Undergrad: 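Let me give you the structure first, and then I'll get to my questions.
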Amino acid sequence: MADIKFYSGESFPLEMHKVCIVQKLNLLPIEQRRIAIDEAGNNTFLLKNRDVYLDMLTDSGVNAMSDRQQAAMLVADDSYAGSETFFRLERVIQDIFGTRFFLPAHQGRACENIIAQVFVKPGTVVATNYHFTTTKAHVTLNGGSIEEIYKADALEITSDKPFKGDIDLEKLRALIQRQGAEQIAFVRIEAGTNLIGGQPVSLANMRDVHQLCQKHGIPLVLDASLLADNLYFNKLREPECRDMSLREITRTMAGLCDLIYFSARKLGCARGGGMCMNSEEIYKRIRDKIVLYEGFLTYGGMSVREIEAIAVGLEETMDMDMISQGPQFIRFMVEQLVEKGIPVITPPGGLGCHLDAGAFLPHLSQAQYPAGALAAALYLVSGVRGMERGTLSEQRNADGSERYSDMELLRLALPRRVFTMSQVKYAIDRIVWLYEHRALVGGLRFVEEPELLRFFFGRLAPTSDWQDRLVAQFRTDLGDSL
Ligand code: F0G
């Protein structure tokens, strides 16, 4: 995005795109939102889109597409085998990552399913800067376990550390010594580390991890789903990247890894996924599973229209104007909230703005699901839908006791090029109002609790009449039209 100096002295990011297609939104009066959140069991995953004003649940599959992506979708070559569309994407991947082989899959977790089946044996360990929900599920399903080897400052909510996603090399060394290299299925680096607030990994750290892995013969896997945000921060915050092009940074990173996979619902602003690698041996081991789970090698569970969109979207990702929009809007939102004293993850990362629900609602214990309660409360007072990333998103321990999450976060994702500045300002305004009335927000308890991935389908209820009191206060202060 252009670095514009405003005459007024104000500072805010300027969009380097124009809007070509729009979709109408609804902003329901708060009383109707009260009914909607009740019907959704206080779980924002269960809200209907028609009841949501700003959908900040995720950036997955909902990034705005460019005119060039839409155009490419019209000329896709559909066939079971040998699709020209597939070869176009393969060429783009080979060019951007500099890798020899590419294999398609229908989304990120489909890659994780196959990678876990190929590499993880019962009793082995996957070491990672931080887990992602679906990654962990696939590793444990195959009898392995996850060992997080983040640096001490990774979980500090308020920080000025530029690369909180970096791996702690000492922890990795100690793990190798303790387990033996052969018991480590692979080391996984997640770019733009999702669950700690979209925090980036430095190229320097990747190089160090690569050297250690090489020395011990451990495969290094990069989850590049959030690579676009990570690249923006490498360019901005890492001296050695300042004079490198985005392509050079990407190729250098890729050259350090044995396997790269991504969700194209995030990277490339479309819907799909894929894996790329240089080793023919790894390619062949994975290839056989693709035909079993995803489809033939030239579509891998994706529509050819989406494959065309990914090819163009990945090319467009190699442009600072394009990849800076998300992080710059997020920084604006974070800085405005910090100024108002609202607890939020710093430094600003990619993906979204992360409210620290633990500090926002200090009167609630983790057993009352503060991040879930904050998600429900924010929807009530704004129509903004965020995602709980706290204890609700964890699975109970084997003995049925709660596993309290490291952090209680409410993630407000900013899908790329979707929201306008005034919509972001509206969200900030409602968060500030809610913060000033935070004492009104109470906890949640389960009414229906599924055993697996309970955050998707679980239904909850408020532990008191706090939602009625919150609605009444809002109506008095700011009641929107009925
Ligand atoms: N890896 C990372 C870092 C992710 O953020 C995701 C998805 C996946 C893998 C799985 O990819 O959804 O295409 O199967 N993250 C979404 C989110 C769901 O909302 O953060 P997928």
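Fair warning: this is a prediction, and the values are worked out from it, not measured in the lab. All ligand and atom numbering here is 1-based and tracks the order in the structure.
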Undergrad: What atoms of ligand 1 come within less than 4.0 Å of a heavy atom belonging to Gly108?
TA: 11 (O), 13 (O), 14 (O), 21 (P)
Undergrad: Identify, for atom 5 (O) of ligand 1, the protein heavy atom at the shortest distance, and state residue, atom and that distance.
TA: Asn194 ND2, 2.8 Å
Undergrad: Which residue and non-hydrogen atom of the protein lie closest to atom 8 (C) of ligand 1, and at what distance in Å?
TA: Phe132 CE2, 3.6 Å
Undergrad: Can a salt bridge be assigned to the pair Lys136 and Glu190 using a cut-off of 4.0 Å between side-chain N and carboxylate O?
TA: no
Undergrad: Please state which protein non-hydrogen atom is closest to atom 2 (C) of ligand 1 and give its distance, to 0.1 Å?
TA: Asp223 OD2, 3.4 Å
Undergrad: Arg265 to ligand 1: N or O pair under 3.5 Å?
TA: no
Undergrad: For atom 13 (O) of ligand 1, what is the closest protein heavy atom, and at what distance to 0.1 Å?
TA: Ser263 OG, 2.6 Å
Undergrad: Find all atoms of ligand 1 within a distance of less than 4.0 Å from any non-hydrogen atom belonging to Thr58, and give their numbers and elements.
TA: 17 (C), 19 (O)
Undergrad: At a 4.0 Å threshold, what atoms of ligand 1 neighbour a non-hydrogen atom of Ser225?
TA: 1 (N), 2 (C), 9 (C)
Undergrad: Does only the side chain of Arg389 get under 4.0 Å from ligand 1, or the backbone, or both, or neither? Count heavy atoms.
TA: neither
Undergrad: With distance as the sole test, does Arg251 use its side chain to make a donor-acceptor pair with the main-chain N or O of Asp95 at under 3.5 Å?
TA: yes
Undergrad: Atom 21 (P) of ligand 1: which protein heavy atom is closest, and how many Å away?
TA: Gln107 NE2, 3.3 Å
Undergrad: Return the minimal non-hydrogen interatomic distance between Ala371 and Ala357, and the atom names on each side.
TA: CA-CB, 3.5 Å
Undergrad: Less than 4.0 Å between a side-chain N and a carboxylate O, is that true for Glu240 and Arg207?
TA: yes
Undergrad: Do the charged groups of Arg459 and Glu39 touch, with an N to O distance under 4.0 Å?
TA: no
Undergrad: Which residue owns the protein heavy atom closest to atom 14 (O) of ligand 1, what's the atom, and how far is it?
TA: Arg109 NE, 2.6 Å
Undergrad: Which heavy atom of Leu212 sits nearest a heavy atom of Leu169, and at what distance?
TA: CD2-O, 4.0 Å
Undergrad: Just need the protein heavy atom nearest to atom 17 (C) of ligand 1, so name the residue and atom and give the distance.
TA: Lys266 NZ, 3.2 Å
Undergrad: Pick one: which of Asp229, Asp59, Asn63 meets side-chain hydrogen bond (donor to acceptor under 3.5 Å, both in side chains) with Lys266?
TA: Asp59
Undergrad: Regarding atom 9 (C) of ligand 1: of the candidates His138, His131, Glu112, which has the closest heavy atom?
TA: Glu112
Undergrad: Would you call Asp51 and Arg385 a salt bridge, taking side-chain N to carboxylate O under 4.0 Å as the test?
TA: no
Undergrad: Taking only heavy atoms of Arg411, which atoms of ligand 1 are found under 4.0 Å from at least one of them?
TA: 17 (C), 19 (O), 20 (O)
Undergrad: Are any of the N/O atoms on Thr135, whether in the backbone or the side chain, positioned under 3.5 angstrom from an N/O atom of ligand 1?
TA: no
Undergrad: Should you measure from each heavy atom of Thr134, which atoms of ligand 1 turn up under 4.0 Å away?
TA: 10 (C)
Undergrad: Just do the ring pair (Phe, Tyr, Trp, His ring centres under 6.0 Å) check on Tyr80 and Tyr299 with the steps written out, would you?
TA: CA-CA 7 Å; Tyr80 187 88; Tyr299 71 92; 5.4 Å; yes
Undergrad: Look only at interatomic distance and state if Ala110 has a nitrogen or oxygen under 3.5 Å from any nitrogen or oxygen of ligand 1.
TA: no
Undergrad: Looking only at atom types and distance, does a side-chain atom of Gln366 sit under 3.5 Å from a main-chain N or O of Ser405, one as donor and one as acceptor?
TA: yes
